[in-house]
Amino acid sequence: MNRRHILRIAGGGFIAAATVTTLTGCDSSMPPEAIAAWQPPADSLDIRRWVLSHALLAPHAHNLQSWLVDLDTPDTIVLRMDMTRLLPETDPLSRQLVISQGTFIEVLDLAARQRGYRTEVTPFPEGEYSTPDTRPTARIRLVRDEQVQPDPLFAQVFHRHTHKGVYETRTPDAAALQAVRDSVKGLPVSLGLVTRGEDAAMARHAKIAMDAWRTELVTPRTLLESYHVLRIGPKEIAQHRDGISLNSPMVRALNALGLFDRTKASAPDSSEIKGQLERFNAAIASTPAYFWLSTERNDRITQLQTGRAYVRAQLAATAQGLSMHPLSQALQEYPEQAAHYQAAHQLMLGAQKGHTVQMWTRLGHAPAIGPAPRRGLAAHIRQA
């Protein structure tokens, strides 16, 4: 929606014009308190809190940060799903949320290794759930061990960010792609890659991604689920420190003028939807490579392991100067995505019947970006 259209909708009044002019001059950087968690914790901090301060920087679907821990037992961290932070419309089986629990565990393990501790991880110690409940996702015991070696990927924890915009045209080189492959060795995942030069496959990836994104935008209940976790402007971003942050002057202007109603799904032919499609399709068109992880099994433990593999791959990509952007829509298990889900699995798995594509991302070089908001350690510690 351009400035002329904004003023026309608002009746061309001086108040509307002044609002747009004022907000256009505003700073679009993140409020400092929203990204304070990205500062390294003091080494004097209790070891459990020290490793948790790193773990909460892990990637998470919709940036919901559904990690809840209790520290009731010495040397032990019990991780649970925060039941107030689910995605019932876009992630009805909570597969993505369990993967996000796995990313947390892996970054925690990297941090523990850095301080000379090994982690003894017991997944689902009170039983593996079908639908998430209050039972633990994992019990993690920290054990001092002089034989533990630090993992080089730890150095990338504070640099790992998810870039969703336009990528550079150059294709990642063979050494960088091999480093990404090597990062997931030993975990129960298969890794796939396709790059420019494989034109037919790249075109199919792009079409599925764009079609699936459009489906999510024009399905009212899934669009509203994203709208409910939008944080617009510095005040909302600082207040929530989670979700999807929008801080550009134009979006803030629309919101201030009452032209962006997050309680109602935008019409499929609205300027909001058209604009999102244009931006997403431009990003897809720039993509020089696609990356995916698939598994033979699809139980909860495998999903946890997938999360551990994914964050390792993203950290390895970061070390090589590469960015990743998950394309989750076509892998989501709600009815409107069924055709895209099938197309994605046929494309990436071929004849591997019964396997599951767990993660699918864009991969390439992109300009540096800042961190996403994080809620801070206190928000994740469960009170007795």
Side-chain angles (χ1 to χ4, degrees), residues 51-52 54-55 57-61 67 77 79 95-125 128 136-157 159-160 172-194 289-320 322 324 326 331 348-350 352 354-361 363:
V51 299
L52 288 169
H54 293 81
L57 303 180
H60 192 293
W67 307 304
I77 296 166
L79 173 64
R95 181 185 58 82
Q96 293 179 80
L97 291 183
V98 175
I99 289 173
S100 299
Q101 299 275 298
T103 65
F104 185 93
I105 293 169
E106 182 61 28
V107 177
L108 189 154
D109 179 76
L110 293 173
R113 288 176 175 274
Q114 194 69 16
R115 293 288 295 273
Y117 287 81
R118 74 171 188 271
T119 59
E120 295 179 349
V121 180
T122 304
F124 303 102
E128 184 175 324
T137 301
R139 180 183 295 118
I140 306 159
R141 184 166 173 258
L142 299 180
V143 181
R144 188 73 174 165
D145 188 342
E146 294 181 358
Q147 303 302 313
V148 166
Q149 297 296 314
D151 191 314
L153 292 180
F154 175 80
Q156 304 305 321
V157 167
H159 304 293
R160 181 214 61 80
D173 62 38
L177 296 178
Q178 189 60 48
V180 175
R181 289 190 183 95
D182 290 344
S183 69
V184 302
K185 286 182 177 178
L187 289 163
V189 297
S190 297
L191 184 151
L193 283 164
V194 62
Y290 293 95
F291 155 94
W292 63 94
L293 294 173
S294 62
T295 60
E296 183 176 0
R297 298 172 60 86
N298 191 29
D299 55 36
R300 294 305 194 186
I301 292 177
T302 300
Q303 292 164 9
L304 279 183
Q305 294 289 72
T306 298
R308 299 190 70 161
Y310 173 67
V311 72
R312 290 187 62 81
Q314 194 181 22
L315 291 168
T318 302
Q320 298 297 318
L322 298 174
M324 280 187 181
L331 306 184
M348 290 176 247
L349 297 180
Q352 289 182 308
H355 291 220
T356 302
V357 180
Q358 300 283 4
M359 292 295 302
W360 176 34
T361 82
L363 178 65

In Å and rounded to the nearest 0.5 Å, what is the NE2 to CZ distance from His355 to Arg297? 11.5 Å
Given Thr302, Thr306, Thr295, the one that forms side-chain hydrogen bond (donor to acceptor under 3.5 Å, both in side chains) with Gln358: Thr295
With a 4.5 Å limit on heavy-atom distance, are the side chains of Phe291 and Trp360 in contact? no
Taking all atoms of both residues into account, what is the closest heavy-atom pair of Val184 and Ala313, and its distance? CG1-CB, 4.1 Å
For the atom pair CD (Gln314) and CD (Glu106), what is the distance rounded to the nearest 0.5 Å? 12.5 Å
Quick one: closest heavy-atom pair of His54 and Val157, and the distance? O-CG1, 4.3 Å
Distance in Å, Leu52 CG paired with Leu79 CG, rounded so as to fall on 0.5 Å steps: 9.0 Å
Any idea which heavy atoms bring Leu187 and Arg308 closest together, and the distance? CD1-C, 4.2 Å
How many angstroms lie between atom CG of Leu304 and atom CZ of Phe124, to the nearest 0.5 angstrom? 4.5 Å
Apply the test side chain to side chain contact (heavy atoms under 4.5 Å, CB included) to residues Glu120 and Val143: give CA-CA distance (whole Å), side-chain angles for both, the deciding distance (0.1 Å), then the verdict. CA-CA 8 Å; Glu120 295 179 349; Val143 181; 3.7 Å; yes
For residues Arg312 and Leu110, determine if any side-chain heavy atom of one lies less than 4.5 Å from a side-chain heavy atom of the other. yes
Under the side chain to side chain contact (heavy atoms under 4.5 Å, CB included) criterion, do Ile140 and Val51 qualify, and how do the steps go? CA-CA 11 Å; Ile140 306 159; Val51 299; over 6 Å; no
Hydrogens and angles aside, do Arg118 and Gln147 bring a side-chain donor and acceptor to less than 3.5 Å of each other? no
Nearest heavy-atom contact between Leu349 and Thr356 is CD1-N, 4.1 Å
Start with the C-alpha gap between Trp67 and Thr103, add the side-chain angles, then the distance that decides, and say whether side chain to side chain contact (heavy atoms under 4.5 Å, CB included) holds. CA-CA 10 Å; Trp67 307 304; Thr103 65; 4.2 Å; yes
I'd like to check Val148 versus Tyr117 (side-chain heavy atoms, cut-off strictly below 4.5 Å). Are they in contact? no
With a 3.5 Å distance limit and no angle check, can you tell me whether Ser100 reaches the backbone of Ala61 through a side-chain donor-acceptor pair? yes
Is the shortest heavy-atom distance from the side chain of Val357 to the side chain of Leu293 under 4.5 Å? no
When you compare the side chain of Phe154 with that of Asp109, does any pair of heavy atoms fall below 4.5 Å? no
With side chains defined as the heavy atoms from C-beta onward, is the minimum distance between Asp299 and Glu128 less than 4.5 Å? yes
Using a 4.5 Å cut-off on heavy atoms from C-beta on, say whether the side chain of Tyr290 contacts that of Met348. no
Working to the nearest 0.5 Å, report the span between CZ of Arg160 and CG of Leu153. 12.5 Å
Distance-minimising heavy-atom pair for Val180 and Leu191: O-CD1, 3.9 Å
Could you tell me whether a side-chain N or O of Arg181 sits under 3.5 Å from a main-chain N or O of Ala176, the two making a donor and an acceptor? no
From CA spacing to verdict: side chain to side chain contact (heavy atoms under 4.5 Å, CB included), Arg141, Val121: CA-CA 7 Å; Arg141 184 166 173 258; Val121 180; over 6 Å; no
With distance as the sole criterion, is a donor-acceptor pair present between the side chains of Arg95 and Gln303 under 3.5 Å? no
Side chains of Gln178 and Asp182: donor-acceptor distance under 3.5 Å anywhere? yes
Nearest heavy-atom contact between Gln149 and Arg113 is O-NH1, 3.5 Å
Within this structure, what is the CG-OG1 distance for the pair Leu142 and Thr119, rounded to the nearest 0.5 Å? 7.5 Å
With a 4.5 Å cut-off on side-chain heavy atoms, are Met324 and Thr318 touching? no
